[in-house]
Structures are given as structure tokens and as C-alpha cells.
Amino acid sequence: MPTDLREALQAASRELSSVSDTARLDAEVLLAHVIGKNRAYLRAWPERLLQADEERRFLASIAARARGVPVAYLTGVREFWSRSFKVCPDVLIPRPETELLVELAVEAACRRNRPRILDLGTGSGVIAVTLALECPDAEVWAVDVSESALAVARHNAAALGAKTVRFLRGDWFAPLPADIRFDLIVSNPPYVSPSDPHLLRGDLRYEPRQALVSVKDGLHDIALIADNAGPRLLPDGGLMIEHGFDQADAVARILGKAGYRDVRHHRDLQGHERVTSALRAPES
Ligand code: GLN
């Protein structure tokens, strides 16, 4: 007997209920993806029968989800700033809190004339691509150490029409031309401590470790960026860094020690101080 959409969803939500807090939503997203429709279609046509091939693919994706594979890696896409980005296990899955970083960066960048922006550790490219699209006169550079991440970022830039982003492969500032300076440097670097138990739970288990984890309580890469960004900023240039919900004080100390001024924390929608911004020290 062929299964209809309603029955398929009910069975899948039940199967996922013990492994996911969002079982019903996960099942809907995966079913919509398999049949090539949106979630509204599932509600409009609950009696639509699944073809054998669709059912097979849906069951396979539910089984993978039940093992913990993130929904975004199963569908290959994740929405960010109302645009659809390709993702795969080579890149971190974009998080809503990173939209705060982008919002602040758009605000800062659009105040300047033809700003030059650098995104460090671009991953899937969500930050660089969104900034390029939101500030069309900006010159956006994006760096990542992972060639496979850069391939995803380049794909996203091309698919979404952000044709001018320059992608470079290398370690933080290493691949940049020696004399180039920026109005704004942004980064969502790895900031999870190697001993953080969250690494053993949920989506984080499947995401690239080098995009998540940093030694010294998760602060090693943030300190590297802070120490090296100064000479790369134009006078009055700004640095904006995403960090863990409990790292704001530590990040402020790092930035203060590195001589930045006007250090400010910014809260995400959950009320966590999630992004810290600062301006270049006058003498650097
Ligand atoms: N926000 C991610 C998390 O803790 C971590 C991202 C990162 O390390 N840049 O779920």
C-alpha cells in the first residue's frame, strides 16, 4: 500500500521524537525536500501518495536524521538572511546568531564609501556573500584555510550573484597582499573549547572540527585575529568578532590588551552577548 504525505510525516515524527527536539519540523523539511516542494504543500495535499522512489529516499533521510545527521546536511541547504545557501559537511551550518554579526557589519559598512571588508574563516561564505549583496559598493575579501569550504563559498557567491567577492585560501591573514588594509574585518572563528561537552551533542558532532574548536578555552583564534588585525585596518577601521555566549569578558580583555578602543558587546535575539566590536588603536 503506498503511503500518503500525512502518514509518512506521522511515522517519521514518531521515529525522530526521541532524537530531535524538532522532530515534526525535521520530518516536514526532509519530506518537502524529497518531493521537491515546500512545507505548505504538505499541508495542502496530505493525501498525495508517495512514489516508491520518494518513499525510499525519505526513509533513508529519516534514518540518517535518527542517527543525528543535521537536517541541513541532508537537504544540502540552509537559509541565512532570507537567502538559500548551499551547505555540506565541509562547512559549519550557518546559525541565526551570525545574522547579528552581519547586521552590525552592514550598518558599519554602509556608512562608509566603497568600504573594503575582510571575512576571516568564511566557511560557506554566508557572511561575505550577504555583505557583498547588502552593500553593493563594498569590496569584499574572504579567506578560509579549507579548500573544500572555499569551493562551497564560491558556489554560493556565484549562485546568489555576489560576483565580486575575492576568495583566498590560507591561514587568517597569511594569503592577503602585504599592503592591503580594510575598513572592516569580520569573523565567526572557531571558538568552542576542546573540552566543551556540546561537541558531543546535536549537530556539532557532524560539523568540521576546525571550524568549531579552538584551544585555550576556545579563545586562541580570536586572540590571533585580534593581535594581527590592527595593522590590517585603516585608521578608524573596525573589527567584529562572533564568540561564545560566555566569552564576552574574555574577548574584551583580549581586545583591550591588543590596544583596540571603543570595545562594545552586542546581544543576539536570545539576549546573549554574542558579538564584540572594536576600533583600531590610533597608533597601530
Ligand atoms: N555557534 C556555534 C555553536 O556553538 C559555534 C560556531 C563557531 O565556533 N564559530 O553552536
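Just so you know, ligand 1 is whichever comes first in the structure, and atom 1 is the first atom listed for that ligand. Counting begins at 1 with the first residue of the sequence. Atoms considered below: every heavy atom in the structure, side chains included; atoms not considered: hydrogens, waters and symmetry mates.
- Within the structure, ring-ring contact (aromatic ring centres under 6.0 Å, His included) contacts touching residues 58-117 (residues at least two apart or in different chains) do not occur.
- By the ring-ring contact (aromatic ring centres under 6.0 Å, His included) test, H266 pairs with no residue at all, sequence neighbours left out.
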For ligand 1, run through the N/O pairs with the protein that fall under 3.5 Å and put one pair on each line.
unit_1, atom_1, unit_2, atom_2, d
ligand 1, 1 (N), Y191, OH, 2.9
ligand 1, 8 (O), Y191, N, 3.3
ligand 1, 8 (O), L212, O, 3.4
ligand 1, 9 (N), N188, OD1, 2.7
ligand 1, 9 (N), P189, O, 2.7
ligand 1, 10 (O), R95, NE, 3.4
ligand 1, 10 (O), R95, NH2, 3.0

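- A salt bridge links R57 with D53; the closest basic N to acidic carboxylate O contact falls under 4.0 Å.
- Between E99 and R274, none of the side-chain N atoms (NZ, or NE/NH1/NH2) sits under 4.0 Å from a carboxylate O, so this pair counts as no salt bridge.
- Contacts classified as salt bridge (Lys or Arg N to Asp or Glu O under 4.0 Å) and involving residues 207-234 (residues at least two apart or in different chains) are given here: R95-E207.
- Contact check on E15 versus R65 returns no salt bridge, with no Lys/Arg side-chain nitrogen under 4.0 Å from an Asp/Glu carboxylate oxygen.
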